[in-house]
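What's counted below: heavy atoms across the whole structure, side chains too, no hydrogens, waters or symmetry copies. The sequence lines fix the lettering, A, B, ..., with proteins before strands; numbering per chain opens at 1.
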2 protein chains.
Amino acid sequence: MPQTKKSTLVLVAERAGVSIASVSRVMNGLPASDQIIERVRKAADELGYVPDATARSLKAGRTEQIALAVADVGNPVYVGMMHEISRVVTKAGYRLVLSSTGSDPRDQIDLLTSLNRGFADGLILSPLRVPEELGAQLEASRLPIVIIGSLPPGVELDNVRADSVAGVALAVDHLVEQGRSRIAFVNGPVDTVPGAARLNGYVSALTARGLPLNQDAQVSAKDFTYKAGLKAAARLLDQCTPDAVVCSNDLLAIALMKVATARGLRVPDDLAIVGMDDTDIADHANPAITSVDLGSVTRAKTAAKLLLRRLEDPQAPVEQIVIEPTLTVRASSVTRTTEG
Amino acid sequence: MPQTKKSTLVLVAERAGVSIASVSRVMNGLPASDQIIERVRKAADELGYVPDATARSLKAGRTEQIALAVADVGNPVYVGMMHEISRVVTKAGYRLVLSSTGSDPRDQIDLLTSLNRGFADGLILSPLRVPEELGAQLEASRLPIVIIGSLPPGVELDNVRADSVAGVALAVDHLVEQGRSRIAFVNGPVDTVPGAARLNGYVSALTARGLPLNQDAQVSAKDFTYKAGLKAAARLLDQCTPDAVVCSNDLLAIALMKVATARGLRVPDDLAIVGMDDTDIADHANPAITSVDLGSVTRAKTAAKLLLRRLEDPQAPVEQIVIEPTLTVRASSVTRTTEG
DNA sequence: AACGTTTCCGTAAACGTTTACAAACCCGAA
DNA sequence: TTCGGGTTTGTAAACGTTTACGGAAACGTT
């Protein structure tokens with residue numbers, strides 16, 4: 001049961017016996033005589049007055065809100081990114097509005113027109129797929145947008161992305177060092193931005209090291225989920241016998257580990273596994289999974305900072321930043337020495 | 001580089017040669033002559049006009065936003081709840097604003113005064129801790145609030161909570177059925193709402209079944225995280241030798257499993273493990289973990305619906321709903337038959 | 001005592017909508 | 001032709017702020 005009727009500047013002004021301008025000034029800490037300050041403070045306290053955010057926004061032309069749209073809320077890597085973005089923008093005095101876009105690309109252009117209604121001051125967008133027409137839409141936006149992930153060619157927008165090629169290369173190098181040579185690959189859908197990039201990374205890493213590329217050693221799951229990973233893993237192990245697998249995702253990696261152990265393979269002895277994104281689940285798995293950190297948290301933080309920067313200086317030059325990957329080695333890929 | 005200058009009702013009206021009222025009417029689908037509709041549509045299209053959300057909010061007194069505050073964004077169970085709430089409110093035409101409150105209880109009252117600024121139309125709050133003074137603050141709010149979890153006594157607010165006692169009872173019954181008798185308990189902090197409730201459930205479940213309560217068989221982690229769970233698990237296994245453990249959380253459960261297997265205990269043969277919340281990690285673990293679903297998703301959905309209902313009917317009677325728990329049995333707790 | 005400066009405060013306009021009200025119009029009936 | 005009723009349209013007020021502007025008051029200076 002809400003009880004306190006909403007109180008406005010006018011009410012406070014009447015009660016304090018001053019003009020609304022004075023009330024506004026006192027509330028915003030602008031210069032005023034001690035006497036007025038005192039009277040306004042008292043009246044405001046008695047009425048429990050708090051300034052209205054909407055009215056202020058209308059006048060100021062800023063909502064103090066930032067919109068965040070991520071494609072797949074279920075994936076832990078996005079949760080981590082969201083968390084980080086939330087931290088950064090909150091500290092800067094902004095609220096975070098969650099705009100979940102489904103996989104339907106129409107959602108994204110809906111989001112953009114909706115953004116033009118001005119419910120937020122800017123947008124951070126991390127799309128799974130980037131259809132051609134999105135480019136124009138993005139550039140036509142009245143409000144600043146920062147993209148996490150690759151852009152359509154030619155689009156000039158603030159942008160932060162991962163270096164998937166370097167990332168997969170880290171994984172492959174590590175596995176080769178550990179004495180593995182039949183390195184397979186479990187990917188997500190190749191028509192997504194990360195799927196395409198990671199496949200590209202796998203192919204170039206193997207060819208760069210003179211390892212044979214075998215079609216049977218590559219599968220791609222229907223999406224980046226655990227469940228799809230189970231099926232993909234089964235398919236992979238049916239059609240080849242690798243001694244190591246790179247997975248484009250930690251979820252796919254634990255799915256593979258489950259399937260592999262169910263088939264009697266020991267990890268890492270019979271099969272080394274490397275995941276990607278370095279989320280908590282990689283660390284929590286048993287055995288813990290080696291994972292390539294594609295810098296998701298750093299990307300998130302960087303994207304948030306880029307947006308904040310552009311909000312305070314719309315003329316700032318466009319930045320396109322690439323975050324370098326790192327490898328966290330855990331038990332799932334380390335070949336045990338036999339003596340001891 | 002934003003390019004299209006913002007266009008307003010006035011601009012559209014001028015271009016179409018009609019009054020702003022007519023433009024507004026056409027945009028909102030109110031009756032107008034075909035001729036006016038045509039002219040306005042054309043002008044609006046040419047200018048790329050989209051109505052301003054802030055101005056509309058000011059006039060209407062509604063922001064079409066719902067605020068969500070959860071204590072611990074890292075915990076997967078909250079992620080699932082957030083996801084569900086997002087779905088429900090989005091479908092109803094609301095945007096979701098994330099207001100992360102830290103563990104500091106001051107954050108919560110800050111949030112409440114901030115809510116009174118009217119940046120959202122209502123709030124869904126899932127607090128970890130509920131200090132005394134919060135009750136009054138909650139009741140004094142001008143805007144509707146739905147609480148997920150227990151309330152301070154005497155506070156009359158829409159509320160959805162889990163039945164922890166029944167939940168732990170499900171777990172204990174199941175373990176007893178499987179022939180276990182030394183059932184230990186890994187809890188989170190007991191000064192939190194879920195921590196207190198689940199401890200209560202454990203104690204009453206064991207006494208109800210005539211099982212001995214042993215202080216050595218109970219530990220509580222510093223918080224509900226995996227890392228704290230590792231320490232708590234080690235402590236537990238140092239001080240007693242249970243044949244089954246109930247964990248108040250899936251994260252604590254996988255931490256326990258890791259520690260147990262590292263000590264050479266086989267799950268479930270030597271140690272049965274039951275988690276709580278039934279999150280993805282329980283299913284993804286190897287072996288998969290039996291878990292009590294305290295209805296987190298249902299609670300989230302119900303809370304969202306309660307809030308929507310109250311928004312459209314502020315006079316509706318206060319609802320306090322308890323969601324019944326269910327048990328999902330998986331490999332971690334099923335005693336294998338020896339023959340076969 | 002008259003003047004310029006500075007400080008303080010109130011009036012009113014503006015932000016971009018929605019909507020109550022009234023004016024204007026159209027139509028058919030008397 | 002005049003009138004009444006209904007439809008369509010425009011004018012203006014309102015939502016709750018912030019802020020440019022000008023007037024009033026206070027003060028020190030010649």
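Considering only side-chain N and O atoms, A/Ser22 lies under 4.0 angstrom from the phosphate OP1 or OP2 of C/dG10.
D/dT30 and C/dA1 make up a base pair, with Watson-Crick or G-U wobble contacts both under 3.5 Å.
Within 4.0 Å (heavy atoms only), B/Val10 reaches no atom of the nucleic acid at all. Counting non-hydrogen atoms under 4.0 angstrom, B/Ala60 reaches nothing in the nucleic acid.
Two residues are said to be in side-chain contact when any heavy atoms from C-beta on lie closer than 4.5 Å; B/Val88 and B/Tyr94 fail this criterion. Counting only heavy atoms from C-beta outward, the side chains of B/Ser141 and B/Leu115 approach each other to under 4.5 Å.
Chain B approaches DNA chain D within less than 4.0 angstrom (heavy atoms of the protein), and the contacting nucleotides run 5' to 3' from D/dT8 to D/dG16.
Mapping B/Ser24 and A/Ala55 onto DNA chain C by nearest heavy atom places A/Ala55 at the nucleotide closer to the 5' end. The 5' end of DNA chain D is approached more closely, in terms of each residue's nearest nucleotide, by B/Ala32 than by the other of B/Ala32 and A/Asn28.
Between B/Ile36 atom CD1 and C/dC25 atom P the separation is 13 Å, expressed in whole Å. Rounded to an integer number of Å, the gap from CZ of B/Arg56 to P of C/dT19 is 9 Å. Between the NZ atom of A/Lys59 and the C1' atom of C/dA12 there is a distance of 11 Å, rounded to whole Å. Summarising the geometry, the separation between CD on A/Gln35 and C1' on C/dT7 is reported as 15 Å, rounded to the nearest angstrom.
Residues A/Gln65 and B/Gln65 bring a donor and an acceptor atom of their side chains to less than 3.5 Å of each other.
Between B/Arg142 and B/Asn116 the shortest heavy-atom distance is NH2-O, 3.0 Å.
In this structure, A/Asp52 does not pair ionically with B/Arg117, as no charged nitrogen and carboxylate oxygen lie closer than 4.0 Å. Between A/Glu84 and A/Arg87, at least one side-chain nitrogen of the basic residue sits less than 4.0 Å from a carboxylate oxygen of the acidic one, meeting the salt-bridge criterion.
Across C/dG10, C/dA20, C/dC9, the shortest atom-to-atom separation from the side chain of A/Ser33 is found for C/dC9.
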